[in-house]
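Side chains included, hydrogens not; waters and symmetry mates left out as well; all remaining heavy atoms used. A note on names: the letters A, B, ... follow the listed sequences, proteins ahead of strands, and every chain is numbered from 1.
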Number of protein chains: 2
Amino acid sequence: MTIQTRRERERAERERLIVTAARELAEAEGWGAVTTRRLAHRIEYSQPVLYSHFKGKGAIMAAVAVQGCADFAAEMRAARTGAGSARETLAAVGGAYTTFARRHPALYDAMFTLAVDLPFATPEAPAALREAFGELLQAVRPIVAEGEDTGLLTETYWAGLHGLVTLMRSGRLPEEAHEQRLALLIGHLVPPGTN
Amino acid sequence: MTIQTRRERERAERERLIVTAARELAEAEGWGAVTTRRLAHRIEYSQPVLYSHFKGKGAIMAAVAVQGCADFAAEMRAARTGAGSARETLAAVGGAYTTFARRHPALYDAMFTLAVDLPFATPEAPAALREAFGELLQAVRPIVAEGEDTGLLTETYWAGLHGLVTLMRSGRLPEEAHEQRLALLIGHLVPPGTN
DNA sequence: GATGATTTCTAGCAACGCTAGATACCAGAG
DNA sequence: CTCTGGTATCTAGCGTTGCTAGAAATCATC
């Protein structure tokens with residue numbers, strides 16, 4: 001019994017090691033630099049070991065994405081609970097969103113741009129993912145107008161943030177006016193007469 | 001003289017052939033299926049010929065992107081000139097935007113998501129690109145409120161559309177409520193009391 | 001028809017994700 | 001302590017990718 005559990009523990013530890021190494025490598029040099037060979041060398045094992053833990057490179061990226069979502073949700077939660085009015089809350093969460101995306105581009109890509117096969121808009125979506133969306137949702141709820149759907153408005157806000165971030169990061173939008181664009185988006189989402 | 005011009009003409013024709021083949025292949029099977037070998041085989045030349053025309057695969061994709069931008073701008077222009085009120089115009093252009101993105105995913109990716117080294121938010125940006133942005137800009141201009149910058153609001157609208165399209169296409173947002181989200185975005189951009 | 005430049009192709013490099021088959025390891029039985 | 005069976009790991013290699021050097025073929029000109 002003990003021998004079995006020790007092995008399982010070591011296996012789990014190595015799996016965490018793989019995900020951490022992939023994350024560090026990606027954050028340091030981008031996903032293009034994350035190859036199975038480099039990853040294997042980094043964890044001091046051979047390539048096939050990776051495939052005994054994950055179905056492929058995509059699954060490793062998905063694991064990194066889930067881990068990233070947890071951090072992401074935590075940062076948004078902190079921003080949300082530290083804010084005052086409804087408008088301030090929406091701005092704080094939006095700011096946390098774009099700040100995270102700019103500080104952790106590789107993580108953000110794994111979560112929201114690259115093709116990783118993670119279930120998203122379904123109940124089977126990973127908890128961290130639903131939690132991150134939940135933070136956005138709670139920030140949006142107070143500013144939902146009569147006859148509007150909270151979920152849909154949250155998705156629309158998300159899309160706005162995502163668009164701003166990705167277009168800016170790929171050089172399609174200039175960096176400098178980012179804060180003004182973000183303010184415009186938020187200003188137009190908040191109904192007139194809201195505190 | 002004539003012999004030189006004939007060669008240049010043939011060269012230009014072959015270059016168009018390459019771009020067209022790349023575009024067709026990408027639209028039919030996605031950019032993942034566009035390899036230099038398949039492309040070369042399709043135009044009935046060997047691979048190195050591609051590199052005598054373009055610096056690499058990225059440059060070919062950039063050429064396809066520019067061509068796509070021209071079509072894109074034309075469709076948005078048609079939608080814009082066919083609409084009535086300011087609100088209708090904004091909605092028509094937004095609809096044309098998302099429709100194009102959904103109908104030509106590969107083209108859209110080359111233009112707005114994949115990393116192609118094209119100058120964007122600068123005067124050196126390709127004409128087709130600036131023209132496409134100009135269509136958006138003209139649709140936005142009538143609804144710009146006092147104290148707002150037209151360019152910045154256009155960029156924000158663009159970001160919203162881009163976010164909706166990319167999140168939906170990657171499975172992060174469910175397809176079915178797309179029209180409602182688009183309506184929400186437009187409804188919040190148009191100032192109250194606008195026709 | 002020979003010559004010299006230009007164009008095009010053949011063949012190959014290094015790197016990629018991934019995997020089959022060989023090898024090393026190690027817990028438990030005699 | 002030795003042997004055995006099963007597991008864990010590695011070596012080696014497949015097929016593919018973007019890209020390129022050097023050989024071969026083509027063609028205008030003398």
Next on the checklist: Under 4.0 Å from OP1 or OP2 of D:dG18: is there any side-chain N or O of B:Arg38 that close?
Outcome noted: no
Item to check | A:Met111 backbone acceptor or donor facing B:Arg172 side chain under 3.5 Å | outcome: yes
Checklist entry - Can you tell me how far the NE2 atom of A:His162 sits from the OH atom of A:Tyr97, to the nearest 0.5 Å? => result 6.0 Å
Checklist entry - When you check the gap from the basic side-chain N to the acidic O, do A:Asp71 and A:Arg103 get nearer than 4.0 Å? => result no
Next on the checklist: Does C:dC16 have OP1 or OP2 under 4.0 Å away from a side-chain N or O of A:Thr35?
Outcome noted: yes
Next on the checklist: Whole angstroms only, please: what is the CD1-P distance between B:Ile43 and C:dT7?
Outcome noted: 16 Å
Item to check | B:Tyr45 side chain vs B:Arg14 backbone, donor-acceptor pair below 3.5 Å | outcome: no
Checklist outcome for this item: Of A:Lys55 and A:Ala33, the one whose nearest nucleotide on DNA chain C sits closer to the 5' end is A:Ala33
Checklist entry - B:Glu15 has an atom CD; how far is it from atom P of C:dT8, in whole Å? => result 13 Å
Checklist entry - Does B:Thr36 place a side-chain N or O at less than 4.0 Å from the phosphate oxygens OP1/OP2 of D:dC19? => result no
Checklist entry - B:Phe54 has an atom CZ; how far is it from atom P of D:dC19, in whole Å? => result 13 Å
Checklist entry - Is a donor-acceptor contact shorter than 3.5 angstrom present between the side chain of B:Gln47 and the base of C:dC9? => result no
Item to check | Which nucleotide in D:dC10, C:dC9, D:dC19 has an atom nearest any side-chain atom of B:Ser46 | outcome: C:dC9
Checklist entry - How many Å lie between CD on B:Glu10 and P on C:dT6, as a whole number? => result 17 Å
Checklist entry - From the list D:dA21, C:dT8, C:dG17, which nucleotide is the closest neighbour of the side chain of B:Val49? => result C:dT8
Checklist outcome for this item: Walking DNA chain D from its 5' end, the first of A:Tyr45 and A:Arg37 to be reached, judged by nearest nucleotide, is A:Tyr45
Checklist outcome for this item: Rounded to whole Å, the CG-P distance (A:Leu39 to C:dC16) equals 12 Å
Checklist entry - Is there a donor-acceptor pair under 3.5 Å between the side chain of B:Gln180 and the backbone N or O of B:Ala177? => result no
Checklist entry - Reckon A:Arg11 touches a base, only the sugar-phosphate, or nothing at all at heavy-atom distances under 4.0 Å? => result nothing
Checklist entry - What is the distance from CD of A:Glu44 to P of D:dC10, rounded to the nearest Å? => result 11 Å
Checklist entry - Could you give the NZ-to-P distance, from B:Lys57 to D:dT20, as a whole number of Å? => result 15 Å
Checklist outcome for this item: To the nearest angstrom, the OH-P distance between B:Tyr51 and D:dA21 comes to 12 Å
